[in-house]
Structures are given as C-alpha cells and as structure tokens.
Amino acid sequence: MKVLCLGGGPAGLYFAISMKLRDPAHEVTLLERNKADDTFGWGVVLSDDALGNMERNDPISTAAIRANFSYWDDIAVIHRGVRTVSGGHGFAGIGRMKMLLLLQERARELGVDLRFQSTFESAEAYRHEYDLVVACDGINSLVRAEYADVFRPDIDTRLCKFIWLGTHQKFDDAFTFIFEETEHGWMWVHAYQFDSNTATVIVECTQQTWDAWGFEQMSKEDTVATCERVFAKHLGGHALMSNAHHLRGSAVWMNFPRVICERWYHENVVLMGDAAATGHFSIGSGSRLAFDSAIALAEYLHTEPTMEAAFQRYQDERRVEVLRLQSAARNSLEWFEQCERYLDLHPVQFNYSLLTRSQRISHENLRLRDPQWLRSAEDWFQAQAGGTPGRAPMFAPFRLREMQLMNRVVVSPMAQYRAVHGCPTDWHFVHYAERAKGGAGLVYTEMTCVSPEGRITPGCTGLYEPQHEAAWRRLTDFVHAETAAKICCQIGHSGRKGSTQLGWEQIDAPLAEGNWPVMSASAIAWSGRNAVPKAMDRNDMDVVIAQFEAATQMAQRAGFDMIELHAAHGYLISSFISPISNRRTDEYGGSLANRMRFPLEVFGAMRAAWPEGKPMSVRISANDWLGDHGVTPGDAVQIAAMFSSAGADIIDVSAGQTSDEAQPVYGRMFQTPFSDRIRNEAGIATMAVGNIYEHDHVNSILMAGRADLVCLARPHLADPYWTLRAGLALGDGEVAWPLPYLPGRDQAVRLAERAQEAVRA
C-alpha cells in the first residue's frame with residue numbers, strides 16, 4: 001500500500017511506524033512543514049495505561065520513550081499560600097521534541113520516508129496519487145477544513161487564555177498547580193518536569209483577567225516577563241521561556257478549541273490526532289488519543305476486509321473512546337474556566353475539588369492513591385460539620401434551622417400513584433416507613449398536591465382534606481417514634497401537566513376519561529395531545545396561594561419536619577418561571593424578575609404559615625435544556641438567590657422536564673454541576689440530584705463542596721436500606737440501625753470481615 005501521512009507530530013509518526021510494523025512492504029511517506037527538530041510545545045504527559053498499549057504495539061520505541069521519562073507521584077496545589085500535597089497519582093513526562101526525535105529515529109529504521117520542510121495546501125491531489133492519505137495536520141487542520149462539508153467538524157473554542165512556557169525550575173517533586181491573585185485577577189499554572197533540568201509551565205487565566213492585564217498589546221517578551229513576575233516566588237530565581245519563535249505578540253496565547261468531527265474519513269482520506277478530535281491539556285489526553293488512534297487504524301487496515309470497513313470501524317470505536325475522554329476533559333476544563341468560584345474554599349476542600357474535577361478520580365479511588373491524605377480531608381469535613389472523626393462525609397450531620405439531620409443522605413421524592421382521592425394509603429405508610437428505617441437522614445414524600453385539580457394523576461397524594469392530614473400524621477408519628485430520620489413534605493400543583501395517566505401507563509398522557517380542567521401561566525398545552533390550560537388570572541392566583549397556605553398549615557399539623565415548594569419540572573410554579581411556558585404580557589411575564597413574582601408570592605405565603613424554627617426548601621429546574629431559549633444555569637443562580645432571600649433554607653437543584661422539546665445531556669451525576677454553581681457562586685446551601693447511585697458519588701459531591709445534601713431516588717426504590725448498606729461497605733460502625741435489626745447488622749459485619757480476610761489471603 002502506498003501511504004501518505006500529512007503531518008509529523010505524534011499521530012503521523014506513530015501511524016507510519018505502526019503500518020511498517022504490520023507490513024514492511026508498505027511505502028509510507030510523511031510530509032511535515034517544520035524542521036525535524038522544531039517544536040512548539042515543551043513536555044507531554046503519558047500514563048502507564050497508554051504506554052502499555054504502545055508497548056504491545058512496538059516495544060522498541062516504547063522502551064526508548066520510557067528511558068527518557070521523568071516520573072513523579074505527587075500532586076501539589078498551592079492556593080492562598082498553602083501547599084497541599086497528595087500522592088499515588090503516577091505521572092510520567094517527556095519533552096515533546098525528544099519524543100518526536102525518538103519516533104523519527106524509529107520510523108527511519110523501519111523505512112519510512114520522512115520529508116521535513118515540506119508544505120502542502122490540499123489533500124485532493126495526493127488522494128489520487130496515494131492509496132491512503134492520513135491527515136495528521138493538527139488542531140488547525142487544512143485537510144479538515146478542505147473537506148469540512150464531509151467531516152462536519154464541531155469546534156468549540158473555550159473561554160480561558162493560556163500560554164505554553166518552560167523553565168529550569170524543575171518542579172521535580174510533584175505535578176504542581178499554583179493559583180495567584182494579581183491586581184488584575186487570578187492566574188494559575190500547570191507545571192511539571194519533563195527532563196533532567198526543565199519543566200513545562202502552562203499559564204492560564206480568564207478572558208477578563210487577560211484583558212485587564214492588557215496582554216493583547218504586549219510583545220511576546222513582555223508577556224513572558226509579566227508571567228514571570230506573577231509567579232516569581234515559585235520559580236526559584238529561574239526564568240520562564242518561550243519556544244514559539246514563529247509567533248509574535250499576543251499570538252503566543254491560545255484559547256483551547258475542543259474539536260470533534262461527525263465523520264472521520266472521506267474516500268481514501270482519514271483524519272487522525274488533533275485533526276479529528278482534541279483532548280484538553282488539563283487531563284493530558286492529547287498524545288494518548290493520537291497514539292491509540294494510530295494503533296487502531298493500522299490494525300483495522302490489516303484485519304478488516306476493505307479500507308471502507310477499516311475506516312468505519314476506526315471511526316465507530318475510536319469516536320466512543322474520544323467522546324469518553326472529551327467528557328472528562330470538558331469537566332476538567334470547565335472547572336478551570338470557573339475556578340474563581342472555588343477560590344474561597346478551604347485549601348483542603350479546594351484541593352479535593354481540583355483532584356476530582358474530571359470525575360475520573362472518585363472518592364474511593366483517592367483512598368487507594370493516598371489513604372492518609374483522604375482520611376485527613378474527611379476528618380476536616382467532619383470537624384466543620386461537628387461530626388465524628390474517622391467517618392465519611394455522607395455521615396456528617398447537617399443542620400437547617402432547628403432541624404438536625406444525622407447524615408447527608410436524602411430519599412428523593414418519587415411518585416407512587418397509589419393514593420385514593422388524594423389520600424395516602426397503607427402503601428405509602430409502608431413505603432416511606434421502610435425508607436425512614438433504612439438509615440437516610442431525610443426522607444421526602446412525593447409531590448403532595450394542594451387541590452384535586454392540582455394533582456398530576458388520580459393516584460397522586462394531597463393535602464387538602466382532613467383525612468389526608470390524618471393519614472400523613474400516622475406516618476410522621478411512626479418515623480419520629482421508630483427512626484432517627486426526619487421527614488419532608490414536598491408540596492406542589494401540577495398545572496398544565498395535570499389530569500394525566502399513572503406513571504406506568506402513558507406518562508404525561510391525558511386520562512382516557514374523566515379529565516379535569518388545567519391551568520398554567522399561559523394558555524400553552526404541555527404537548528399536542530394535552531389539553532390547553534387556562535391562563536391564570538388574578539383570582540386564580542389568589543385561590544392557589546390560599547391552597548398552598550392551607551396545605552402548609554396541614555403539613556404542620558401532620559407533624560412534618562420540613563416542607564418543600566415544588567417549583568420545577570414544568571408544574572404550575574415552574575410554568576411561571578420558565579419563558580418556554582410563560583408568555584404573559586402583564587407584570588407576571590417577561591423578565592425573570594416578573595416571572596418569579598407569582599412563585600415568590602406562593603413561597604412567601606407558605607413561609608409565613610410555616611413555623612420559624614422549621615426549614616423550607618424549593619426544588620427548581622436549573623436548566624430547561626433548551627439552550628438560551630429557556631432557563632439557563634446562570635438564570636438558576638438568580639432564581640435560587642431570590643428564593644433564598646425570601647426565606648428558603650436550601651435549594652433542591654434538579655433540571656429539565658419543563659418542555660417535551662428539551663435535549664438533556666445525561667451521565668453520572670449529570671445535574672450536580674448546577675448545584676455546584678448555585679452553592680459556590682451564590683453561597684446558598686443546595687441539594688444535588690440526578691443519576692447519583694453510589695456512596696462514592698455522595699462522598700465525592702459533599703467533599704468537593706458541590707452540595708450540602710445528596711438526593712437518591714431510584715437506588716432507594718431498589719433498596720430501602722441503601723444507607724445502611726453503604727455504612728457496611730465503608731466499615732462505619734456508627735450507622736444507627738433499628739434496634740430489632742441489630743442481629744442482621746452483626747451478621748452482615750461478620751460476613752464482610754470474612755470476605756475481606758478471603759481477599760487478603
């Protein structure tokens with residue numbers, strides 16, 4: 001096969017090597033516009049996992065790279081003058097130039113024709129001359145642009161400015177992050193050693209800080225000198241250096257472009273490396289992506305029946321892996337873009353937040369890496385909460401007004417659809433009593449409706465008749481007498497999503513018969529099959545406010561410890577908040593302040609009717625998942641602040657379900673970033689929800705300061721005793737079990753100890 005590689009970076013060189021290893025008869029040519037020893041980066045980082053794949057592919061080049069590695073185990077974070085170090089992370093760095101020279105040498109040994117200082121402007125002519133053209137021409141790929149209508153690239157230019165520098169201050173004891181507050185804003189450094197006397201120093205800052213410094217008008221020399229002054233006390237008298245000799249002035253700064261292409265090949269032209277997809281430097285995945293892609297494509301070209309089949313498999317399989325790494329990279333780069341919101345955290349919590357930013361490192365993974373540091377961090381968390389040393393964050397107490405929770409685990413509201421005329425039944429008693437016995441600190445009821453017309457379905461519970469109050473009182477009396485849990489009543493009104501079928505029938509579909517009239521902020525149906533609601537007038541508002549007030553008074557007499565206003569998920573209160581459902585032209589529509597007017601009136605009436613010593617929360621949808629057309633995470637910060645100012649003690653941060661056109665992005669803990677933003681931008685206590693299902697998730701969210709309480713829904717449907725089991729898994733002997741269940745606890749502890757002994761043996 002006659003092969004041409006356009007670009008002499010890691011992807012192009014390693015693909016050329018991989019092809020020659022599989023068949024020395026291939027004619028492989030590589031064109032690179034720069035000199036053989038030109039380089040515009042400093043050091044690169046590779047993991048042991050990446051090296052393992054390379055070693056299986058080519059032990060010779062891998063051994064040469066390993067021989068030139070600088071290794072380190074620790075991460076150091078310098079923040080507000082405090083240097084925090086944790087170990088067990090395992091990094092290896094090598095100079096980019098050295099790595100390229102080693103790969104060039106190996107390619108020549110194998111017979112690759114390397115042509116440096118060779119420019120090209122189009123792949124079209126080469127496409128007819130060669131059997132295969134591999135476009136490895138980097139982040140600003142000419143080939144990707146040439147066939148953009150085929151490759152359909154998605155290029156997301158990120159927010160922060162960064163510059164890639166070097167120094168002879170080696171930073172040889174740890175991968176080091178340094179955060180410095182300057183007169184123009186915060187700047188920070190990612191620094192790591194890559195040879196015996198040199199380290200990479202990536203300086204980064206927000207656009208606002210960059211503008212305030214006037215970097216756009218500075219020469220390259222002045223830019224480097226300014227960065228050197230900012231971080232002088234960390235450089236040990238050494239200078240910062242730039243090797244971007246081809247760039248002038250502010251061009252030495254970059255905004256990282258996150259690149260992913262919908263299609264990776266066209267005819268016999270295929271994309272590789274940064275031309276196909278980029279990985280942010282903060283998780284060090286760019287070189288890993290390049291090497292793995294080179295190995296994969298070379299292998300498929302020799303195992304698949306046709307080139308088309310090889311390309312398709314390469315695209316399908318590598319794209320999945322790239323998206324996985326890009327997801328982690330997105331989490332990481334967004335943390336740095338927003339890191340100023342975390343800079344007031346205590347150094348222990350700030351360090352933890354940084355270490356877990358990508359979600360690739362979990363709480364228990366940190367315990368494996370550095371158990372001593374993590375235990376000290378957990379003890380710090382417990383000390384802040386007034387808890388017990390030696391316990392995980394999820395078992396720290398939490399106080400809201402006069403209500404003291406024994407831990408941070410919450411049984412999230414989950415509709416049961418088993419009520420009769422709004423009245424909870426024995427099903428509800430057993431369901432909630434079991435979960436209160438299961439060890440969670442706080443148990444929520446499902447949305448409990450303020451009127452018959454405010455129900456979502458005929459099976460939804462209510463608080464509008466005396467028998468409702470009596471049934472709920474029976475439950476709260478049991479919870480308080482037999483468990484240490486607290487219980488919260490979520491109170492709401494279905495609005496335009498009411499008069500629908502039970503959850504296991506057709507969700508959000510109208511009843512087959514017996515529908516009742518619905519109302520909303522505006523006369524906009526939930527969907528084409530749902531009834532058009534009445535746009536509420538002032539009289540309707542007054543009636544609904546009175547209903548919420550009466551339900552609140554019933555909740556107090558029924559013995560609830562806490563209540564929550566349901567202002568999320570497209571129900572009545574939510575319909576006023578979201579511009580998707582609120583098209584009013586009066587004082588209750590238009591601006592966010594106007595759209596919040598009625599929700600705040602309802603909340604104010606509830607707060608006034610609820611005892612001063614008891615807490616209240618509000619559940620909000622922090623993202624309509626409709627881009628700028630709906631409620632955005634930025635809006636959610638303002639919404640939370642308004643409810644907080646009105647007396648809300650904590651915000652229950654959910655998202656979506658406000659429009660049937662929403663496009664949510666799912667994943668583990670996918671709604672936690674909204675809670676994180678509200679808590680750390682507005683300084684308001686929050687609860688996190690959304691695909692949280694492991695104790696590892698709970699501890700990570702709490703320890704990083706992303707929420708104060710953590711809600712789990714489906715895990716508690718599958719296992720009412722989820723919290724008790726989590727305590728067993730963590731070896732926590734202080735979790736309170738119901739007294740009649742102590743023999744079961746003791747047996748579970750013994751079995752767990754035996755299992756550990758078997759593992760050690």
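Model, not experiment: these values are computed from the prediction.
- Put simply, the side chain of Ser242 gets close to the backbone of Ala244: a donor and an acceptor are under 3.5 Å apart.
- Residues Asp624 and Thr658 have side chains that bring a donor and an acceptor to within less than 3.5 angstrom of each other.
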Before giving the answer on side chain to side chain donor-acceptor pair (under 3.5 Å), spell out for Arg706 and Thr356 the whole-Å C-alpha distance, their side-chain angles and the decisive distance to 0.1 Å.
CA-CA 11 Å; Arg706 298 180 180 120; Thr356 59; 3.2 Å; yes
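- Checked for salt-bridge contact, Arg158 and Glu337 meet the test: a charged N lies under 4.0 Å from a carboxylate O.
- More than 12 heavy atoms of other residues, nucleotides or ligands lie within 6.0 Å of CD in Glu183, so this atom counts as buried by the packing criterion.
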For side-chain contact (heavy atoms from CB on, under 4.5 Å), just list the numbers for Trp373 and Asn351, CA-CA rounded to whole Å, side-chain angles, deciding distance to a tenth of an Å, and then say yes or no.
CA-CA 11 Å; Trp373 180 82; Asn351 184 65; 2.9 Å; yes
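- Residues Gln193 and Thr198 bring no donor and acceptor atom of their side chains to less than 3.5 Å of each other.
- A donor and an acceptor atom, one from each side chain of Asn255 and Thr157, are nowhere located under 3.5 Å apart.
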Going through the checks in order, is the ring pair (Phe, Tyr, Trp, His ring centres under 6.0 Å) test met by Phe381 and Tyr352?
CA-CA 11 Å; Phe381 189 93; Tyr352 185 98; 9.2 Å; no
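- Separation of atoms OG (Ser141) and CG (Asp274) is listed at 10.0 Å; rounding is to 0.5 Å.
- Between Phe91 and Phe175, the two ring planes are tilted [angle within 30° to 60°].
- For the pair Arg33/Ser118, no side-chain contact is recorded, criterion being any heavy-atom separation below 4.5 Å from C-beta on.
- Within 6.0 Å of NZ on Lys220 lie more than 12 heavy atoms contributed by other residues, nucleotides or ligands.
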Residues Asp73, Arg369; criterion salt bridge (Lys or Arg N to Asp or Glu O under 4.0 Å); working and verdict:
CA-CA 10 Å; Asp73 192 58; Arg369 293 172 183 235; over 6 Å; no
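- For the residue pair Glu146 and Ser122, the shortest heavy atom distance occurs at OE2-OG, 2.6 Å.
- In this structure, the side chains of Arg80 and Glu181 come closer than 4.5 Å at one or more pairs of heavy atoms.
- Comment: Asp149 does not engage Arg263 in a salt bridge, judged by the lack of any side-chain N to carboxylate O separation of less than 4.0 angstrom.
- Taking 4.5 Å as the limit, some side-chain heavy atom of Ile94 sits within range of a side-chain heavy atom of Leu102.
- We find that Arg318 and Glu321 are not joined by a salt bridge, their nearest charged nitrogen and carboxylate oxygen being 4.0 Å or further apart.
- Between Trp253 and Phe215, the angle of the ring planes lies from 30° to 60°, which puts this pair in the tilted group.
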Between His363 and Glu378, is a side chain to side chain donor-acceptor pair (under 3.5 Å) present by the stated rule, with each step listed?
CA-CA 10 Å; His363 193 79; Glu378 290 178 327; 2.7 Å; yes
Test side chain to side chain donor-acceptor pair (under 3.5 Å) on Ser358 and Asn331 and set out the steps.
CA-CA 5 Å; Ser358 72; Asn331 294 336; over 6 Å; no
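- Val77 places a side-chain heavy atom less than 4.5 Å from the side chain of Ile75.
- Taken from CZ in Arg595 to OG in Ser578, the straight-line distance is 7.0 Å, to the nearest 0.5 Å.
- No side-chain donor from either of Arg229 and Thr182 sits under 3.5 Å from a side-chain acceptor of the other.
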Trace of the salt bridge (Lys or Arg N to Asp or Glu O under 4.0 Å) decision for Asp74 with Arg83
CA-CA 12 Å; Asp74 293 345; Arg83 187 174 191 266; over 6 Å; no
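- Counting only heavy atoms from C-beta outward, the side chains of Met241 and Asn243 never approach each other to under 4.5 Å.
- Within the 4.5 Å cutoff, the side chain of Cys261 has heavy atoms near those of the Arg144 side chain.
- Heavy-atom minimum distance, Gly627 versus Thr632: O-CG2, 3.6 Å.
- Salt-bridge formation is not detected for the pair Asp154/Arg152: no Lys NZ or Arg NE/NH1/NH2 atom is positioned less than 4.0 Å from an Asp or Glu carboxylate oxygen.
- Taking the six-membered ring for Trp and thresholds of 30 and 60 degrees, Phe162 and Phe281 have ring planes inclined between 30 and 60 degrees apart.
- Taking 4.0 Å as the cut-off between side-chain N and carboxylate O, Glu180 and Lys233 count as a salt-bridged pair.
- Contact record, Pro257 with Met254: CD-CE, 4.4 Å, taken as the closest heavy-atom pair.
- Between Arg677 and Asp635 there is no salt bridge, since no side-chain N of the basic residue sits under 4.0 Å from a carboxylate O of the acidic one.
- Across all non-hydrogen atoms, the minimal contact from Leu13 to Gly8 is CD1-O, 3.3 Å.
- Taking the side chain as every heavy atom from C-beta outward, Arg115 and Glu32 never approach each other to under 4.5 Å.
- Among Val203, Val189, Leu235, the one residue that satisfies the side-chain contact (heavy atoms from CB on, under 4.5 Å) test with Ile178 is Val189.
- Look at Arg679 and Asp708 and you find a salt bridge, because one of the NZ, NE, NH1 or NH2 atoms lies within 4.0 Å of a carboxylate O, short of that distance.
- Ring geometry for Tyr71 versus Phe69: interplanar angle over 60°, hence perpendicular rather than tilted (30 to 60°).
- The line from CG of Leu142 to OG1 of Thr119 is 10.0 Å long, rounded to the nearest 0.5 Å.
- Interatomic distance, Glu262 CD to Phe151 CZ, rounded to the nearest 0.5 Å: 12.0 Å.
- How far OG of Ser287 is from CG of Leu46: 5.5 Å, rounded to the nearest 0.5 Å.
- Under 3.5 Å, the side chains of Ser332 and Ser282 contain a donor-acceptor pair of N or O atoms.
- Separation of the His280 and Phe336 ring centroids does not fall under the 6.0 Å cut-off.
- Nearest heavy-atom pair, Ile678 versus Ile620, reported as atom, atom and distance to 0.1 Å: CD1-CD1, 4.0 Å.
- Taking the ring centroids of Phe171 and Trp42, they lie at or beyond the 6.0 Å cut-off.
- Residues Met187 and Trp213 are in side-chain contact: their nearest non-hydrogen atoms beyond the backbone lie under 4.5 Å apart.
- Checked by atom type and distance alone, the side chain of Ser675 never pairs as donor or acceptor with a backbone atom of Val653 at under 3.5 Å.
- Considering OH of Tyr14 and CG of Leu100, their distance stands at 14.0 Å, rounded to 0.5 Å.
- Looking at Thr226, its side chain never comes within 3.5 Å of a backbone N or O of Val224 through a donor-acceptor pair.
- A side-chain donor from one of His190 and Glu204 sits under 3.5 Å from a side-chain acceptor of the other.
- Taking the centre of each ring, Trp186 and Phe179 stay at or above the 6.0 Å mark.
- Residue Phe350 forms a ring pair (Phe, Tyr, Trp, His ring centres under 6.0 Å) with just one option from Phe177, Trp335, Tyr342, and that option is Trp335.
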Given ring pair (Phe, Tyr, Trp, His ring centres under 6.0 Å), test Phe674 with Trp625 step by step and report yes or no.
CA-CA 12 Å; Phe674 310 135; Trp625 300 112; 5.5 Å; yes
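- Nearest approach of Ala648 to Val618, heavy atoms of both residues: CB-CG2, 4.0 Å.
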